[in-house]
Amino acid sequence: FGGFSADQWVAHDAYYGSGECFVWTFAPNPNAATGAPANPTVNPPAANGAKFVYFPWSGKNEFCSLSNAKGIAMGGGSGYAFQLDAHFKAGSSTACDTFDSPQLSAEKDFTCYYCEVWATK
């Protein structure tokens, strides 16, 4: 699971970002995750049968991105879509109003073993 932000990550104690963001996960049964049928052309199954499911900005709030000395997070309202601590070791994921997303990780609280970050200019 993960997220995309079109805005540069900056240290800030308030939420920032725009609706050009989304979070995603691989769901073994995307119908259960989204409540809608998955489009196999857009969401081809992975080797293990899981499908890529993304959740765009819902427009319900503007809690897109948060990053400060305590860690990073995407989403807010009812809970973070995901958050990682400042060491990128521990995190959590819950259902989130910002993206109308369910919990993205298998367990609410998780240990992060690998973190991949991409940037473009």
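Sequential numbering from 1 along the given sequence is applied to the chain's residues.
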If we ignore angles and hydrogens, is there a donor and acceptor under 3.5 Å between the side chains of Ser93 and Gln103?
no

Nearest heavy-atom neighbours spanning Phe110 and Gln83:
CZ-O, 4.0 Å

4.5 Å side-chain heavy-atom contact, Cys21 and Phe99:
yes

Testing the 3.5 Å rule here: is there a donor-acceptor pair between the side chains of Asp7 and Ser65?
no

Is any side-chain heavy atom of Val23 closer than 4.5 Å to one of Tyr54?
no

Hey, could you give me the CH2/OG distance between Trp57 and Ser101, rounded to the nearest 0.5 Å?
14.5 Å

Qualifying residue for side-chain hydrogen bond (donor to acceptor under 3.5 Å, both in side chains) with Ser78, from Asp97, Asn61, Thr94:
Asp97

What one should report as the nearest heavy-atom pair of Asp109 and Ser92 is OD1-CB, 3.4 Å

Flag yes if Leu66 and Phe63 sit in one hydrophobic cluster, no otherwise; membership is Ile, Leu, Val, Met, Phe, Trp, Tyr, and two members link when side-chain heavy atoms are under 4.5 Å apart.
yes

Can you tell whether the side chains of Lys60 and Asp100 come within less than 4.0 Å, N to carboxylate O?
yes

Looking at OG1 of Thr25 and NZ of Lys51, how far apart are the two atoms once the value is rounded to the nearest 0.5 Å?
14.5 Å

Taking all heavy atoms of Ala86 and all of Ala69, pick out the closest pair and write down the distance.
CB-O, 3.1 Å

Looking at Phe22, Trp24, Phe1, which one forms a ring pair (Phe, Tyr, Trp, His ring centres under 6.0 Å) with Phe52?
Trp24

May I ask you to check whether over 12 heavy atoms, not counting those of Tyr80, lie within 6.0 Å of atom OH?
no

Is a side-chain donor or acceptor of His12 paired with a backbone partner of Ala14 at a separation under 3.5 angstrom?
yes

Side-chain donor-acceptor pair under 3.5 Å between Tyr16 and Ser67, yes or no?
yes

Assigning hydrophobic clusters by single linkage (Ile, Leu, Val, Met, Phe, Trp, Tyr; side-chain heavy-atom cutoff under 4.5 Å), is Val10 placed with Ile72?
yes

Of all the heavy-atom pairs spanning Cys112 and Leu84, show the shortest one and how long it is.
CB-CD2, 3.9 Å

Between the OG atom in Ser5 and the CD atom in Glu20, the distance rounded to the nearest 0.5 Å is 9.0 Å

What distance do Lys89 atom NZ and Cys115 atom SG have between them, rounded to the nearest 0.5 Å?
12.0 Å

Side chains of Tyr15 and Thr98, heavy atoms from C-beta outward: is any pair under 4.5 Å?
no

Minimum heavy-atom separation for Lys70 to Asn68, with atom names?
N-OD1, 2.8 Å

